[in-house]
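Take a look at the structure below.
We count ligands from 1, going down the list as the structure has it; atoms in each ligand are counted the same way.
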Amino acid sequence: MAIERTLIIVKPDAVNRGLAGKIISRFEEKGLKIVGLKMAWLTKDVLAEHYAHLKGKPFFPGLVEFMSSSPVVLGVLEGRNAVEVVRLMCGVTDANKAAAGTIRGDFSMSTSCNVIHASDSLDTANKEIARFFRPDELFNYDLNSLKYLYAPDELGR
Ligand code: IDP
Ligand code: MG
């Protein structure tokens with residue numbers, strides 16, 4: 001399993017409920033490296049692109065309205081198998097069905113206002129990172145804890 005990067009968005013419900021720090025902490029505690037982090041107010045245009053796979057669904061207009069209702073926090077997380085690890089940490093889309101211990105399972109009861117977005121595949125992650133972050137907003141640096149996070153043979157680079 002290679003070192004991957006994935007995109008997260010702390011959604012408006014989480015920002016407004018004061019959960020942004022707590023949610024980002026979970027990823028740090030897990031051992032994921034933050035290589036990009038910023039706040040932005042997403043436009044309806046970029047959201048239509050980001051949620052293009054849902055265009056035509058009855059909840060689509062409400063989703064775009066919700067996601068553009070306040071600033072969000074965007075992050076790029078790096079780690080071994082990061083795309084799958086972060087999705088597992090978030091839990092399933094319908095937060096009522098998300099397992100306790102996952103972010104959605106612990107912080108939301110909604111299918112729509114489910115506190116966090118995470119890329120669903122490596123291909124999607126690459127596209128989403130490029131959608132929201134310029135190259136100079138992403139950082140390559142050594143995490144001092146790296147040698148305690150993985151065994152030497154697990155580091156594929
Ligand atoms: P994901 O966020 O778990 O990847 P997607 O199917 O990609 O789920 O949907 C994107 C977002 O659209 C969800 O996180 C949620 O905010 C919203 N959404 C998805 N399905 C529904 C629904 O059935 N009703 C209302 N909102 C939904
Ligand atoms: Mg999705």
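Remark: minimum distance from atom 15 (C) of ligand 1 to any protein heavy atom is reached at Thr111 O, 3.2 Å. With respect to atom 18 (N) of ligand 1, the closest heavy atom belonging to the protein is Phe59 CE1, 3.4 Å. Scanning the protein heavy atoms around atom 8 (O) of ligand 1, the nearest turns out to be Thr93 OG1, 3.2 Å. Nearest protein neighbour of atom 6 (O) of ligand 1, counting heavy atoms only, is Leu54 CD2, 4.2 Å. Nearest to atom 16 (O) of ligand 1 among the protein's heavy atoms is Ser112 O, 2.7 Å. Of the protein's non-hydrogen atoms, Arg104 NH2, 3.0 Å is the one closest to atom 2 (O) of ligand 1. The protein heavy atom nearest to atom 5 (P) of ligand 1 is His53 NE2, 4.0 Å.
With a heavy-atom cut-off of 4.0 Å, Asp94 does not touch ligand 1 at all. Under 4.0 angstrom from ligand 1, there are no non-hydrogen atoms of His50. The proximity of Asn114 to ligand 1, defined as any non-hydrogen pair under 4.0 Å, is limited to the side chain.
Residue-ligand proximity: Asp120 is placed with every non-hydrogen atom at 4.0 Å or more from ligand 1. Remark: distances from the non-hydrogen atoms of Tyr51 to ligand 1 include one below 4.0 Å. Residue-ligand proximity: Met67 is placed with every non-hydrogen atom at 4.0 Å or more from ligand 1. The closest approach between a heavy atom of Lys57 and any atom of ligand 1 is not below 4.0 Å.
Heavy-atom proximity to Arg87, at under 4.0 Å, picks out these atoms of ligand 1: 1 (P), 3 (O), 4 (O). Interface of Leu63 with ligand 1, defined as ligand atoms under 4.0 Å from a residue heavy atom, comprises 12 (O), 16 (O), 17 (C). For ligand 1, the atoms sitting less than 4.0 Å from at least one non-hydrogen atom of Lys11 are 13 (C), 14 (O), 15 (C), 16 (O), numbered in the order shown with element in parentheses.
Under the 4.5 Å side-chain criterion, counting only non-hydrogen atoms from C-beta, Leu63 is in contact with Leu54. Considering only heavy atoms from C-beta on, Lys44 stays 4.5 Å or farther from Met67 through its side chain. Side chains of Cys90 and Phe27 form a contact here, defined as non-hydrogen atoms less than 4.5 Å apart. Looking at Asn114 and Lys11, their side chains come closer than 4.5 Å, going by heavy atoms from C-beta outward.
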Would Asn16 and Ser70 count as a side-chain hydrogen bond (donor to acceptor under 3.5 Å, both in side chains) if you check the C-alpha gap in whole Å, the side-chain angles of each, and the deciding distance to 0.1 Å? CA-CA 8 Å; Asn16 281 276; Ser70 86; 3.0 Å; yes

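Thr124 and Asp120 are linked by a side-chain donor-acceptor pair at a separation below 3.5 angstrom, with hydrogens and angles left out of the test.
Look at Arg26 and Asp106 and you find a salt bridge, because one of the NZ, NE, NH1 or NH2 atoms lies within 4.0 Å of a carboxylate O, short of that distance. Remark: Arg134 engages Asp136 in a salt bridge, criterion side-chain N to carboxylate O under 4.0 Å.
Of the candidates Leu42, Val72, Val76, Leu42 is the only one forming a side chain to side chain contact (heavy atoms under 4.5 Å, CB included) with Phe132.
Seen from the ring of Phe133, Lys38 counts as a face-on cation partner, given the 6.0 Å and 45° thresholds.
In terms of heavy atoms, Ala14 sits closest to Ile23 at CB-CD1, 3.8 Å.
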